[in-house]
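To find a chain, count down the sequence lines: A is the first, B the second, and so on, and within it residues start at 1. What's counted below: heavy atoms across the whole structure, side chains too, no hydrogens, waters or symmetry copies.
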Protein chains: 2
Amino acid sequence: MENPTGRNSRDAILDAATKIAQAHGYGGLNLRALAEQVGIKAASLYHHFPSKADLATAVARRYWEDAAAGLDALTSRTPDPTERLRKYPGTFRKALENDNRMCLCSFMTAESDDLPGTVMSEIERFNEVNVDWLGKTLLEAGVVGSRDAKKRAHAIFAAVAGAQLMARGRSDIKLYDTLIKSYQAAGLLPPP
Amino acid sequence: MENPTGRNSRDAILDAATKIAQAHGYGGLNLRALAEQVGIKAASLYHHFPSKADLATAVARRYWEDAAAGLDALTSRTPDPTERLRKYPGTFRKALENDNRMCLCSFMTAESDDLPGTVMSEIERFNEVNVDWLGKTLLEAGVVGSRDAKKRAHAIFAAVAGAQLMARGRSDIKLYDTLIKSYQAAGLLPPP
DNA sequence: ACCTGAACACCGTTCAAGT
DNA sequence: ACCTGAACACCGTTCAAGT
């Protein structure tokens with residue numbers, strides 16, 4: 001094997017691009033800076049991805065795939081659906097723990113007017129994955145009936161994304177925790 | 001008087017810049033495009049504002065001043081505090097009604113890592129204005145006690161901003177309305 | 001297969017020059 | 001006072017040329 005670690009330069013590019021996009025968005029993803037971080041020249045990026053749009057599409061796809069895997073793992077590891085709902089905000093907390101970054105998809109949702117369509121599709125997939133998981137879990141937990149599961153799932157997703165955004169703006173992860181607690185106290189999320 | 005309408009070119013620049021920033025953010029605010037919209041050249045913008053950072057600071061300041069005035073007007077026009085809380089999401093709805101734009105401050109909060117400090121300060125002022133107004137109104141309405149007013153105010157603000165962001169991403173103002181209704185049904189906002 | 005320097009049209013910004 | 005063209009270093013992107 002030429003590459004025993006399995007970490008090829010394509011993955012290194014995706015990793016670095018993800019972190020940059022989580023802090024600066026699609027527009028702020030500078031290919032020269034990205035290339036420097038990976039140790040190559042900007043022109044060399046085009047050997048791995050046909051364009052910035054394609055690179056960002058790959059980044060966003062891998063992002064929701066990882067999110068889906070993480071939610072699956074949470075489901076396996078936590079049999080009680082109510083407990084899973086309590087843990088859900090922890091998945092959005094990770095980005096803040098990671099140098100005050102935010103969800104790639106929230107950032108790019110703001111940028112939707114300037115986003116290539118292929119990127120936007122992957123962003124929408126991320127939202128779907130989260131809302132579907134939440135809806136399923138809400139139903140299983142008996143928090144809402146089947147008529148309201150999807151609506152409530154959407155509401156929780158939007159509220160959690162908003163909390164992450166605000167906490168990032170203040171670089172204050174404690175604000176995120178406070179907001180989640182307020183959501184629980186108000187009844188949007190199941191109380192601890 | 002040389003300018004009977006009171007609308008000088010400085011205001012025209014601020015108006016156009018606000019609309020652009022609401023759809024493309026600070027990074028996406030293109031000075032050449034802005035100038036063209038106003039009918040001058042990009043270099044001429046520097047006669048009115050020393051830099052893009054100063055222009056954006058003026059935009060953000062006027063934005064929260066207008067928001068504060070709007071909330072004051074809502075207070076005067078609606079004596080019942082509970083009714084005011086029901087109407088609050090309408091203030092965020094306006095941006096969506098305006099060609100699927102979003103709150104300038106939510107967008108720039110995402111961009112906080114790349115924002116000049118003077119702009120960030122004005123953004124924070126917008127948040128303060130909203131959270132203070134909400135906290136005061138929540139107290140007056142007796143929804144929460146003084147110990148929790150600010151926390152709940154923050155939670156409502158973050159959730160409403162998140163709802164606006166999601167609705168914008170889908171270009172679906174009905175989603176915004178559905179999310180607000182879900183917040184009301186869950187108990188985050190007073191029910192109709 | 002992978003990388004590069006040089007070039008392109010585009011950004012924010014400056015500045016000398018115009019009215 | 002207000003505007004402009006030309007220039008600067010920087011963007012995404014291309015391409016011919018290297019190993």
Side-chain angles (χ1 to χ4, degrees), chain A residues 1-21 23-60 107-108 111 113-120, chain B residues 1-21 23-60 107-108 111 113-120:
Chain A
M1 267 202 220
E2 309 94 336
N3 189 3
T5 69
R7 245 190 67 92
N8 54 30
S9 50
R10 185 190 152 91
D11 285 339
I13 293 167
L14 288 177
D15 287 347
T18 301
K19 294 184 86 175
I20 294 172
H24 307 281
Y26 179 78
L29 177 57
N30 181 324
L31 295 193
R32 281 181 171 86
L34 168 62
E36 190 176 21
Q37 209 161 306
V38 180
I40 58 179
K41 297 294 171 183
S44 307
L45 291 171
Y46 287 79
H47 183 74
H48 302 276
F49 300 96
S51 69
K52 181 177 175 175
D54 288 284
L55 165 61
T57 304
V59 165
F107 206 138
M108 291 192 176
E111 294 176 295
D113 283 3
D114 303 306
L115 229 48
T118 51
V119 180
M120 197 63 210
Chain B
M1 262 200 225
E2 308 94 337
N3 189 6
T5 69
R7 244 192 69 93
N8 52 32
S9 51
R10 185 190 152 91
D11 285 339
I13 293 168
L14 288 177
D15 287 347
T18 301
K19 293 183 87 175
I20 294 173
H24 308 282
Y26 179 78
L29 176 57
N30 180 323
L31 296 193
R32 280 182 171 87
L34 168 62
E36 190 176 20
Q37 209 161 310
V38 180
I40 57 179
K41 297 294 171 183
S44 307
L45 291 171
Y46 287 79
H47 183 73
H48 301 277
F49 301 94
S51 70
K52 180 176 176 176
D54 287 284
L55 165 61
T57 304
V59 165
F107 207 137
M108 290 193 178
E111 293 176 295
D113 283 3
D114 302 306
L115 230 47
T118 52
V119 180
M120 197 64 210

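Listed nucleotides C:dT14, D:dT14, D:dT13 differ in distance to A:R32; the shortest reach to its side chain belongs to D:dT13. Proximity note for A:Y46 (side chain, C-beta onward) versus D:dT13, D:dA6, C:dG12: the nearest is D:dT13. With distances taken from any side-chain atom of B:H47 to the nucleotides D:dG12, C:dG5, D:dC2, the minimum falls on D:dC2. Across C:dT14, D:dT13, C:dT4, the shortest atom-to-atom separation from the side chain of A:A42 is found for D:dT13. For B:A43, the listed nucleotide lying nearest its side chain is C:dC15; candidates were C:dC15, D:dT14, D:dT13.
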### Task
Apply side-chain contact (heavy atoms from CB on, under 4.5 Å) to A:I20 and A:N30, showing your working.
CA-CA 8 Å; A:I20 294 172; A:N30 181 324; over 6 Å; no

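Contact annotation for A:L29: backbone-only contact, meaning every heavy-atom pair under 4.0 Å involves sugar-phosphate atoms and none involves a base.
Atom NZ in B:K41 sits about 18 Å away from atom C1' in C:dA16, given to the nearest Å. C:dG12 atom P lies 11 Å from atom CG of B:L55, rounded to whole Å. The distance between atom CZ of A:R10 and atom P of C:dA1, rounded to the nearest whole Å, is 15 Å.
In a base pair of the Watson-Crick type (N1 to N3 plus N6-O4 or O6-N4) or a G-U wobble (N1-O2 and O6-N3), with each distance short of 3.5 Å, D:dA9 is matched with no nucleotide.
Checked by atom type, the side-chain pair B:D15/B:T18 shows no donor-acceptor distance below 3.5 Å.
The backbone N or O of B:D54 lies less than 3.5 Å from a partner atom in the side chain of B:S51, making a donor-acceptor pair. A donor-acceptor pair under 3.5 Å is formed between the side chain of A:E111 and the backbone N or O of A:G27.
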